[in-house]
Amino acid sequence: MVGGGREESSALPSSSVMMVTMPALIAEDEVAWNNDGHKISLRLNKAELEVAEIECPHEDDDEAPCRSDLGCVVSYFIAVYGLECNIGVCAPEEQMEICWCLQGNFGDVETGQLWFVPIKDEVFYAWMNQRPTDD
């Protein structure tokens with residue numbers, strides 16, 4: 001199983017959460033989950049699973065929800081912290097689509113925390129599909 005910062009029985013980060021597919025104005029204590037096509041490729045290095053590649057679907061879009069002064073915040077955090085940013089659990093696959101959220105300020109990304117969850121995480125997927133959308 002691909003597991004990160006939580007055990008099977010634990011919940012999502014303690015802040016209020018909401019699922020969006022585009023940027024949203026949110027209160028300071030809320031977290032916006034983005035399901036916008038980011039993918040990670042995994043490889044097995046001896047007995048350890050590691051991130052081989054991070055695919056941002058918005059490479060040429062400076063207005064994308066993942067953009068900061070450091071480029072794509074998803075790529076930045078996963079490149080620096082690897083699977084430590086993962087709070088999901090699912091069977092490992094060569095390529096996995098992920099949802100992500102940033103707790104903190106896009107203007108000062110290094111003081112924040114990015115979390116991601118594979119969209120195939122059963123608990124997160126069930127929660128995501130029962131949440132109201134921002135239409």
Side-chain angles (χ1 to χ4, degrees):
M1 296 291 225
V2 174
R6 75 168 169 90
E7 296 178 16
E8 295 269 354
S9 61
S10 65
L12 298 173
S14 60
S15 301
S16 300
V17 291
M18 65 197 301
M19 173 58 86
V20 294
T21 55
M22 295 302 292
L25 295 175
I26 56 175
E28 190 173 316
D29 63 338
E30 292 182 328
V31 176
W33 283 94
N34 295 273
N35 183 9
D36 59 358
H38 281 80
K39 296 177 184 173
I40 59 172
S41 297
L42 302 174
R43 72 172 165 237
L44 191 59
N45 183 4
K46 299 185 182 179
E48 191 167 321
L49 195 59
E50 56 188 34
V51 177
E53 186 179 346
I54 307 151
E55 181 182 321
C56 174
H58 310 291
E59 285 298 325
D60 299 324
D61 184 0
D62 290 337
E63 300 299 318
C66 62
R67 284 302 190 227
S68 75
D69 292 341
L70 299 172
C72 174
V73 295
V74 179
S75 296
Y76 171 78
F77 271 94
I78 296 174
V80 172
Y81 301 105
L83 293 174
E84 294 297 317
C85 299
N86 177 32
I87 59 170
V89 177
C90 70
E93 296 179 359
E94 186 175 341
Q95 188 174 67
M96 297 183 346
E97 189 169 347
I98 60 173
C99 293
W100 63 274
C101 71
L102 178 71
Q103 290 181 303
N105 183 335
F106 275 85
D108 191 10
V109 172
E110 293 176 334
T111 62
Q113 172 64 55
L114 181 122
W115 300 108
F116 75 84
V117 178
I119 62 170
K120 291 188 176 180
D121 176 291
E122 291 179 15
V123 174
F124 186 78
Y125 185 80
W127 171 81
M128 180 177 63
N129 284 327
Q130 68 180 340
R131 302 290 302 167
T133 58
D134 288 354
D135 289 339

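- Linking ILVMFWY residues whenever their side-chain heavy atoms come closer than 4.5 Å, directly or via other members, places F77 and L83 in the same cluster.
- With sequence neighbours excluded, no residue forms a side chain to side chain donor-acceptor pair (under 3.5 Å) with K39.
- Between E93 and L42 the shortest heavy-atom distance is O-CD1, 3.6 Å.
- For Y125, the side chain to side chain donor-acceptor pair (under 3.5 Å) test picks out N129, with sequence neighbours left out.
- Atom CG of D36 and atom SG of C66 lie 6.0 Å apart (nearest 0.5 Å).
- Heavy atoms from other residues, nucleotides or ligands lying under 6.0 Å from CD of E59 number more than 12.
- In this structure, C85 SG and I78 CD1 are separated by 6.0 Å, a value rounded to the nearest 0.5 Å.
- Considering V89, I87, I98, N86 as possible partners of D121, the one that fulfils the side chain to side chain contact (heavy atoms under 4.5 Å, CB included) test is V89.
- The one candidate from I40, V51, V117 that meets the side chain to side chain contact (heavy atoms under 4.5 Å, CB included) condition with M96 is I40.
- Hydrophobic cluster membership is shared by V109 and L114, with clusters built from Ile, Leu, Val, Met, Phe, Trp and Tyr side chains linked at under 4.5 angstrom.
- Heavy atoms only, all atoms of each residue included: L70 and E110 are closest at CD1-CG, 4.0 Å.
- Distance alone, capped at 3.5 Å, is enough to place a donor-acceptor pair between the T111 side chain and the D108 backbone.
- The distance from the CD atom of E94 to the OG atom of S41 is 6.5 Å, given to the nearest 0.5 Å.
- Considering all non-hydrogen atoms of both residues, C56 and H38 come closest at SG-NE2, 3.5 Å.
- Cluster annotation: I119 is not connected to V123 through the hydrophobic network of ILVMFWY side chains, with a link wherever side-chain heavy atoms come within less than 4.5 Å.
- Minimum heavy-atom separation, E97 to G37: OE2-CA, 3.6 Å.
- Here salt bridge (Lys or Arg N to Asp or Glu O under 4.0 Å) pairs that include residues 42-51, with residues two or more places apart or in two chains, are R43-E50.
- Residues satisfying the side chain to side chain contact (heavy atoms under 4.5 Å, CB included) criterion with F106, sequence neighbours excluded, are S68, V73, W100, L102.
- With sequence neighbours left out, the ring-ring contact (aromatic ring centres under 6.0 Å, His included) criterion links F116 to no other residue.
- Here D60 pairs with nothing under the side chain to side chain donor-acceptor pair (under 3.5 Å) rule; sequence neighbours left out.
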